[in-house]
S.K.: 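Provided herewith is a single structure, encoded as structure tokens, for subsequent inquiry.
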There are 2 protein chains.
Amino acid sequence: MWMSESIGCLAAKLSNYVQLTERDHAHLDILERETQTYQRHQEIVSAGEDLKYLYIVKEGWAYSYVDTRDGRRQIVKLHMPGDLIGFESLPSASVACSVRAASTLVLCPFVPTALNIIFSKAQRLAAILFAMSCRDQEMMVSRLRAIGRMDARERLIQMLLDTINQMRLTEPEISQPLVIPLSQTEIGDYVGLTNVHVSKTLIRLEREGLIARSDGYRVEIVNESAMERIVDYENNHRALDTSWFPEY
Amino acid sequence: MWMSESIGCLAAKLSNYVQLTERDHAHLDILERETQTYQRHQEIVSAGEDLKYLYIVKEGWAYSYVDTRDGRRQIVKLHMPGDLIGFESLPSASVACSVRAASTLVLCPFVPTALNIIFSKAQRLAAILFAMSCRDQEMMVSRLRAIGRMDARERLIQMLLDTINQMRLTEPEISQPLVIPLSQTEIGDYVGLTNVHVSKTLIRLEREGLIARSDGYRVEIVNESAMERIVDYENNHRALDTSWFPEY
DNA sequence: CGATTAGTTGATTAACTTCAAGTCCAGTGG
DNA sequence: CCACTGGACTTGAAGTTAATCAACTAATCG
């Protein structure tokens, strides 16, 4: 655990959207004071526990997931640097989704009561957090559409586009091929398919010339616009509307 | 359009969770000042439009949905009295989900800039709204699990349990049989199935003695605990943890 | 070097969709 | 009052998609 000298990860992501004041930065620093490192596949919290911490992703990827008793798993969200983890657990104070490291991972844990200060002393920041929570909902809508109404090929295309666009948030000129630290079983758990069918469908996408793969893990999105047309894609990650934010 | 004398619908629902102050009530009244009535199946907003209003449901049911160009539809949420509509559209200021009346419906529209006042003058209420948004996410997690990893029978069971528990929020001792103002096509769009398969599966649930149906629209949940066991159900709609709320 | 994990492949099976026909209304107009 | 219409639901047959099962390959790691 150490003080971060550089700008925080959440602050970095948020400043893509809004102009942050000194005061905002000061409050955000409170949230990003502590860090904790995890290994790939390490379980960070398990569903059902009492909620102790919320997290900001500093480095690496994590994912939230839910299980059924008989072993089926659904991955709910991917978390990349600057993302917030655990807000769906806030209302009931018990963990709604288990969280696991998808790669080597650095998180900044903070206690929910830290929000107290933000709501009372930094209302504009509170509004920003609210907006991020709403944006999460927007992404869940798109995932629901994909899983509920798309076939395997479309689901994987949607996932790849979501992923690259989420990566671009922290690295706008991202270089291909992408390294996606998820096994095909995990990809299947994300899009609601089996690992076998993911394998077959990725091979199909490769034959169609939409993607290229190398080394087993690297994926290149070869024909992004064709893929966007197939799933009628729209990128959610645009600027924030701040017209309803409070002034200081 | 008329002033409401009685307690607002949102206020009524929130007071199931938290003790609202005079001040909270005053601010909530601002949001519930106007009302607008719609007929069953009437379109209230369409995806892609500029966001003009957020809504609170006063009476009746609505649902949010998304379409694909080729006509597939996914219903995202059901909205019942006291629910908030449209928060997923807030970040981008453009409507993310179309909204339609499922029954005769009364809504209270309010402009997003009204949130400005709540965040700056009623921080505790802002925290409550934030908590409601997080709770929405929690429900989306459960829907994602259902649609991504359950078969038709389990999905319908999950939907029925979600529905009755959501109804209990405003009417704790709800009387069966329930009247669910959704066609089987709409139910299918909600759970990611065709109307044909919904029909067959409901008949199966009826034969199994889990539900009973009458009049075409009425559904009775005959064996709720058995249904809860089948889908490993847990009811999200419990008390709110308010320990992180700001004081006034 | 065996042991484990991730991915691929093919055969079989199960679940769900599609298509098409038919029933049972409630509403409409002659 | 009755024929006509359209919507919602049901039913059965046929077709498709994805799951399951099982065997095999390649890579990694002690």
Side-chain angles (χ1 to χ4, degrees), chain A residues 39-42 68 70-75 100-104 146-159 177 179-208 211-219 230, chain B residues 39-42 68 70-75 100-103 146-159 179-208 211-219 230:
Chain A
Q39 293 312 306
R40 176 166 158 80
H41 290 164
Q42 194 175 342
T68 46
D70 58 351
R72 288 173 288 184
R73 171 165 300 182
Q74 176 65 47
I75 292 181
R100 184 167 289 225
S103 65
T104 303
I147 293 184
R149 288 307 192 193
M150 289 182 182
D151 65 22
R153 175 168 168 265
E154 294 169 316
R155 288 187 212 182
L156 283 169
I157 290 173
Q158 174 89 26
M159 180 207 174
V179 175
I180 298 181
L182 297 174
S183 70
Q184 292 187 353
T185 299
E186 288 169 320
I187 293 173
D189 289 340
Y190 186 77
V191 297
L193 297 169
T194 57
N195 56 349
V196 174
H197 206 62
V198 169
S199 170
K200 288 172 179 168
T201 308
L202 284 178
I203 289 167
R204 185 176 160 204
L205 292 182
E206 200 168 13
R207 286 214 194 99
E208 292 182 290
I211 65 171
R213 292 186 299 166
S214 42
D215 296 3
Y217 268 121
R218 286 168 209 284
V219 175
I230 289 168
Chain B
Q39 293 312 306
R40 176 166 157 80
H41 290 164
Q42 195 176 339
T68 45
D70 58 352
R72 287 173 288 184
R73 171 165 300 182
Q74 177 65 46
I75 293 181
R100 184 168 290 224
S103 65
I147 293 184
R149 289 305 191 194
M150 290 182 182
D151 65 22
R153 175 169 168 265
E154 294 169 316
R155 288 187 212 181
L156 283 170
I157 290 173
Q158 174 89 26
M159 178 203 175
V179 175
I180 298 181
L182 297 174
S183 70
Q184 293 186 354
T185 300
E186 289 168 320
I187 294 174
D189 290 339
Y190 186 77
V191 297
L193 298 169
T194 58
N195 57 348
V196 175
H197 205 61
V198 169
S199 171
K200 288 172 179 167
T201 309
L202 284 178
I203 290 167
R204 184 176 161 202
L205 292 181
E206 200 169 12
R207 287 213 194 99
E208 293 182 290
I211 65 171
R213 293 185 299 166
S214 42
D215 297 4
Y217 268 122
R218 286 167 208 285
V219 176
I230 290 168

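Quick note: numbers below take in every heavy atom, side chains included, and nothing from hydrogens, waters or symmetry partners. Just so it is clear: chains get the letters A, B, ... in the order the sequence lines come, proteins before strands, and each one is counted from 1.
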S.K.: If I take atom CG in residue L182(B) and atom C1' in nucleotide dG7(D), what distance separates them, rounded to the nearest angstrom?
M.R.: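 Between C1' of dG7(D) and CG of L182(B): 16 Å.
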S.K.: Taking the side chain of H197(A) as heavy atoms from C-beta outward, which of dA19(D), dT10(D), dT20(D) is closest to it?
M.R.: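 Comparing dA19(D), dT10(D), dT20(D) against the side chain of H197(A), the answer is dA19(D).
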S.K.: Taking the side chain of L193(B) as heavy atoms from C-beta outward, which of dT9(C), dC16(C), dA18(D) is closest to it?
M.R.: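 The answer is dC16(C).
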S.K.: Would you mind reading off the distance between N195(B) atom CG and dG22(C) atom P, rounded to a whole angstrom?
M.R.: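 Whole-Å distance recorded here is 18 Å.
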S.K.: Can you tell me the distance, in whole Å, between the NE2 atom of H41(A) and the P atom of dT4(C)?
M.R.: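 Those two atoms, NE2 and P, are 18 Å apart.
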S.K.: If you look at every strand shown and take non-hydrogen atoms under 4.0 Å, does G192(A) touch a base, only sugar-phosphate, or nothing?
M.R.: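 It contacts sugar-phosphate atoms only.
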S.K.: Side-chain N or O of S199(A) versus OP1/OP2 of dG7(C): is the shortest distance under 4.0 Å?
M.R.: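 Answer is no, no contact under 4.0 Å.
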S.K.: How many Å lie between CE on M150(A) and C1' on dT17(C), as a whole number?
M.R.: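 From M150(A) CE to dT17(C) C1': 18 Å.
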S.K.: Side chain of T194(A) only, please: which of dA8(D), dT17(C), dA19(D) is the nearest?
M.R.: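 Nearest to the side-chain atoms of T194(A), counting from C-beta on, is dA19(D).
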S.K.: Out of dT9(C), dT10(D), dA8(D), which has the shortest distance to the side chain of Q184(B)?
M.R.: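 Looking only at side-chain atoms, Q184(B) lies closest to dT10(D).
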S.K.: Under 4.0 Å, counting only non-hydrogen atoms across every strand here, what does D151(A) touch: a base, just sugar-phosphate, or nothing?
M.R.: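 Here D151(A) touches the backbone only, sparing every base.
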S.K.: R213(B) has a side chain; which of dC16(C), dA18(D), dT10(D) sits nearest to it?
M.R.: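 Taking heavy atoms from C-beta onward, the closest nucleotide is dT10(D).
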S.K.: Taking for each residue the nucleotide of DNA chain D bearing the nearest heavy atom, is the 5' side occupied by R40(B) or by K200(B)?
M.R.: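 Its nearest nucleotide being more 5', the pick is R40(B).
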S.K.: Between K200(A) and R204(A), is any pair of side-chain heavy atoms under 4.5 Å apart?
M.R.: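 K200(A) does not reach R204(A) side chain to side chain.
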S.K.: If I take atom CG in residue D215(A) and atom P in nucleotide dG7(C), what distance separates them, rounded to the nearest angstrom?
M.R.: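 Those two atoms, CG and P, are 13 Å apart.
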S.K.: Is there a side-chain contact between Q74(A) and T68(A) (heavy atoms, below 4.5 Å)?
M.R.: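 Heavy-atom side-chain distance check fails, nothing below 4.5 Å.
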S.K.: Are the charged groups of E154(A) and R72(B) less than 4.0 angstrom apart, N to O?
M.R.: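 Result for this pair is yes, salt bridge flagged.
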S.K.: Passes side-chain contact (heavy atoms from CB on, under 4.5 Å), M159(A) versus L182(A)? Steps please.
M.R.: CA-CA 12 Å; M159(A) 180 207 174; L182(A) 297 174; 3.7 Å; yes
S.K.: Round to a whole Å and report the spacing from CZ of R204(B) to P of dA15(C).
M.R.: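 Roughly 8 Å, once rounded to whole Å.
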S.K.: State, yes or no, whether a side-chain contact exists between I230(B) and R153(B) at a heavy-atom distance under 4.5 Å.
M.R.: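 Yes. Closest side-chain heavy atoms under 4.5 Å.
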S.K.: Would you mind reading off the distance between I203(B) atom CD1 and dT23(C) atom C1', rounded to a whole angstrom?
M.R.: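 The distance from CD1 of I203(B) to C1' of dT23(C) comes to 13 Å, rounded to the nearest Å.
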S.K.: In whole Å, I'd like the distance from the CG atom of D189(A) to the C1' atom of dG7(C).
M.R.: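 Result: 15 Å.
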S.K.: Contact class for V198(A) (heavy atom, under 4.0 Å): base, sugar-phosphate, or nothing?
M.R.: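 Nothing, no heavy atom under 4.0 Å.
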